[in-house]
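Heads up, the thing below is written out as structure tokens.
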Number of protein chains: 2
Amino acid sequence: MNGKIFIIEDEPSIIQLVQHNLEKNGFIVSSSVNGNDGLKELKKFQPDLLLLDWMLPDLSGVEICKNIRKDTSYNNLPVIMLTAKGEEEDKIKGLDSGVDDYLTKPFSFNELMARIKAVLRRSNPNTVSDNLKFDDLMLDRIEKRVFRDDQEIKLGPTEFRLLEFFLTNPKRVYSRDQILESVWPNNVNVESRTIDVHIRRLRQSVNLKNKKELIRTVRSSGYSLI
Amino acid sequence: MNGKIFIIEDEPSIIQLVQHNLEKNGFIVSSSVNGNDGLKELKKFQPDLLLLDWMLPDLSGVEICKNIRKDTSYNNLPVIMLTAKGEEEDKIKGLDSGVDDYLTKPFSFNELMARIKAVLRRSNPNTVSDNLKFDDLMLDRIEKRVFRDDQEIKLGPTEFRLLEFFLTNPKRVYSRDQILESVWPNNVNVESRTIDVHIRRLRQSVNLKNKKELIRTVRSSGYSLI
DNA sequence: TTAATTTGTAACAAAATTGTAACATTTGAA
DNA sequence: TTCAAATGTTACAATTTTGTTACAAATTAA
């Protein structure tokens, strides 16, 4: 996933946390610690989404938001408002300030991520959603997470790439050579049997109890999802 | 098989022939008779493959091709170039214009079909199925599965290859020597009688109850599907 | 740095496949 | 009908392939 996100927030700790995590997830991020700077930087940066603190040293989040909506070139910019608990929550909810969503501090990064995705998806459908699905399995390439029926499955890096590879063509049988070529970095030499071990590890993680086997062994040919 | 194919070609007779036959084969087809229209229509139509005439009234095929390769959202579109005989064949071959394959007119529809399949398989393995069918039997080479009337039949590797071999020419009678050559890896020596045993195993798996015999013994000659 | 995780491989276990021999049955020509 | 040749069938040991585990080396995180 790509996308540019701008943050206007005066608490450095929050900026740091959010910015770091968003960048890890493939976003390009920039930020300001007050409203006036923020408005200027914003126009240079041309973000796809704005994270906006409700309370800022100079301007309030609502004022910034109105300002943005006036400018024709930014009046569609999606905005997620960040508020401290008890900070006039109800007002914000009822407010028709053009905010797309809001989030109450303290929040987990996962919550934030979910909101960001939802808002981006609404405003710009084809920049988001990079999920691979098969049966009850879902692999989120952006967040590098895997779920089976909403239950998260933790995978090591190689297992993740392996599953990702299978999911691009589920049901298709891949030989060990094909798997090696596609899943391992070029010019590394690993034994073909190594794949078997990784398949075993992937199976162990992915085959939750009460769930049917997902990986099929095709003797003398390779493996596939099923 | 599904897939969307766009044709840019100024000879109506060719368009008609190709379009009709492709549609009969399950493709969704659209076309233009000149380059400029073609480029516009193309983007709306979002094809999986482009058939492109080398000589067009306005733009040349090469120009169109370059145009396509520039556009990031289409730079992976597979292209098959159609050329009249003698029309600078060599140039085209040597040309690094990003063409995936080319075909010289006049061509048979089967030739075209083969190229299309090959190119699609390369660029997007998923959209092309590669199934062999005979009677109520279906063998899926990609997924390595065999069905008889939707009921899956499990086969060992050799039985699979054996059936695959018969299905490429059903009804034809193959001698044990021919079978050996084609189904067994080169330079292995197995008794001719071994084939009988594998035929027996294949029969056992394939001949579900209430189904007619599929493998015919031709005394002193060999076996065939029937 | 240390600790934790991940990775590749070897070694062994388990399972599936394979080829062949031995015997049974069928076929078709004499 | 008889009988030899061809094919069907079965069982089984050898081989191949895959599953599993353990562990040291390499990588990454803390």
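Convention: sequence-line order gives letters A, B, ...; per-chain numbering from 1. The structure presented is a predicted model; accordingly, all values stated were derived computationally and were not measured.
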Using a 4.0 Å cut-off on heavy atoms, which residues in residues 155-163 of chain B reach DNA chain C? List them by number, or say none.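 Heavy-atom cutoff 4.0 Å gives G156(B), P157(B), T158(B), E159(B).
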Between protein and nucleotides 27-30 of chain D, what N or O pairs are separated by less than 3.5 Å?
none

Got a sec? Which of residues 189-202 of chain A come in under 4.0 Å of DNA chain D, heavy atoms?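 Listed by number, they are R193(A), D196(A), V197(A), R200(A), R201(A).
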Take the protein atom [atom1] of [X] and the nucleotide atom [atom2] of [N], then report the distance between them rounded to whole Å.
| X | N | atom1 | atom2 | result |
| --- | --- | --- | --- | --- |
| W184(A) | dT6(C) | CH2 | P | 15 Å |
| I179(B) | dT18(C) | CD1 | P | 15 Å |
| K144(B) | dT17(D) | NZ | P | 14 Å |
| Y223(A) | dT17(D) | OH | P | 12 Å |
| R219(B) | dG28(C) | CZ | P | 6 Å |

Taking only Lys NZ, Arg NE, NH1 and NH2, and the carboxylate oxygens of Asp or Glu, determine whether [X] and [Y] approach each other closer than 4.0 Å.
| X | Y | value |
| --- | --- | --- |
| E143(A) | R145(A) | yes |
| K212(B) | D135(B) | yes |
| E164(B) | R141(B) | yes |
| D136(B) | R148(B) | yes |

What residue pairs, at least two apart or across chains, pass ring pair (Phe, Tyr, Trp, His ring centres under 6.0 Å) with a residue in residues 133-159 of chain B? none
At under 4.0 Å between heavy atoms, what does V188(A) touch on the DNA or RNA strands: base, sugar-phosphate, or nothing? nothing
Tell me whether [X] contacts the main-chain N or O of [Y] through its side chain, where contact means a donor paired with an acceptor under 3.5 Å.
| X | Y | answer |
| --- | --- | --- |
| D58(A) | G35(A) | yes |
| N34(A) | D37(A) | yes |
| D48(A) | K4(A) | yes |
| K144(B) | S221(A) | no |

Check whether any side-chain nitrogen or oxygen of R176(B) sits under 4.0 Å from OP1 or OP2 of dT7(D), and answer yes or no. yes
At under 4.0 Å, does any side-chain N or O of S220(B) touch on OP1 or OP2 of dA5(D)? no
Quick one: bend of the helix from dT1(C)-dA30(D) to dA30(C)-dT1(D) from 5 pairs per end, to 10°?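 One end axis against the other gives 30°.
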Tabulate atom names and distances for all N/O pairs under 3.5 angstrom spanning the protein and nucleotides 1-4 of chain D.
none

Is the count of non-hydrogen atoms from other residues, nucleotides or ligands lying under 6.0 Å from E11(A) atom CD greater than 12? yes
Return yes when atom CD of E181(B) has more than 12 non-hydrogen atoms of other residues, nucleotides or ligands closer than 6.0 Å, and no otherwise.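 No, the 6.0 Å shell around CD holds no more than 12 heavy atoms from other groups.
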How are the rings of Y174(A) and F165(A) set relative to one another: parallel (under 30°), tilted (30 to 60°) or perpendicular (over 60°)? tilted
Can you classify the ring geometry of W184(A) versus H198(A) as parallel (below 30°), tilted (30 to 60°) or perpendicular (above 60°)? perpendicular
Side-chain heavy-atom pair L132(A), M138(A) within 4.5 angstrom cut-off: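 Contact flag for L132(A)/M138(A) side chains = no.
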Are S220(A) and R161(B) linked by a side-chain donor-acceptor pair shorter than 3.5 Å? no
Between R203(A) and T217(A), is there a side-chain donor-acceptor contact under 3.5 Å, judged purely by atom types and distance? yes
